[in-house]
Amino acid sequence: MKIAIISDIHGNLEALTSAFQVIQSRGITKIFCLGDIVGYGADPGACIDFLVNHHVRAVVGNHDRALFDRHVLMCFNRNAKHAIEWTQQHLTETQKEYLHSLPYVMTEGECTFVHASPLQPQEWDYLMSYRDASAAFPAFSTAICWIGHTHVPEIFAEDVTRETLERGKRFIVNVGSVGQPRDHDNRLSFCIFDTKDWNFEHIREPYDIAAAHKKIIDAGLPRWLGDRLANGS
Ligand code: ZN
């Protein structure tokens, strides 16, 4: 069965709907989201509703948690904090309850799903190197752990010699970000994985960045949050 794994939507409805055009054109109905549904972008509520309506199964990200946890919010820079305070005022109680209800970790079959790292998921550490990955492998028991958080797509193999997914080996895969890519490629990023034959695809797709940028400006959110969408950084 083919599944889609998306992450770091960050209130970018243009990117989310473009990702779904690809997902639906492939006939994929099982979708997992690795958190950070809100924060930065101008459509947090619409993105939550879209995921709920499409029966997406999600875990919580640090930006989602920051709405309820001051300790998480305190770690944010000025622009990110501003965006969370703005988001706080633009969500319904039902949408906030949805974010509050999301688990830190989910497991299904050979896959674990978590926002930042399977090692202490509530600490929101950035898993960016093989050193970080080797410390995280003992923290989950499935073959693959899907992560987001850094907004930079990457594959870490347990034996460090693999560059693509291969049955019998273990992997941590960062799917990149749908709503705010930071690897200097401004196209949205997510993954498709066939749980039966282990066929793996990393999808990069353009979307209407100008529209998402305009909404950020019109909402009175920091201009820098719009500019970085075009820069992909
Ligand atoms: Zn994020």
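Numbering of ligands and ligand atoms starts at 1, following listing order.
Among the atoms of His115, none of the N, O or S atoms falls under 2.8 Å from the Zn ion (ligand 1). With a cut-off of 2.8 Å, the Zn ion (ligand 1) has an N, O or S atom of His10 in range.
A cation-pi arrangement is absent between Arg65 and Tyr104, since the terminal nitrogen or guanidinium carbon is not both under 6.0 Å from the aromatic centre and inside a 45° cone about the axis.
Between His63 and Phe76, the distance separating the two ring centers is shorter than 6.0 angstrom.
Taking the N/O/S atoms of Asp36 in turn, the shortest distance to the Zn ion (ligand 1) belongs to OD2. Distances from the Zn ion (ligand 1) to each N, O or S atom of Asp8 single out OD1 as the nearest.
Qualifying side-chain contact (heavy atoms from CB on, under 4.5 Å) partners for Asp49, counting only residues two or more places apart in sequence or in other chains: Asn53, Gln95.
Looking only at atom types and distance, the side chain of Asn174 has a donor-acceptor partner in the side chain of Thr150 under 3.5 Å away.
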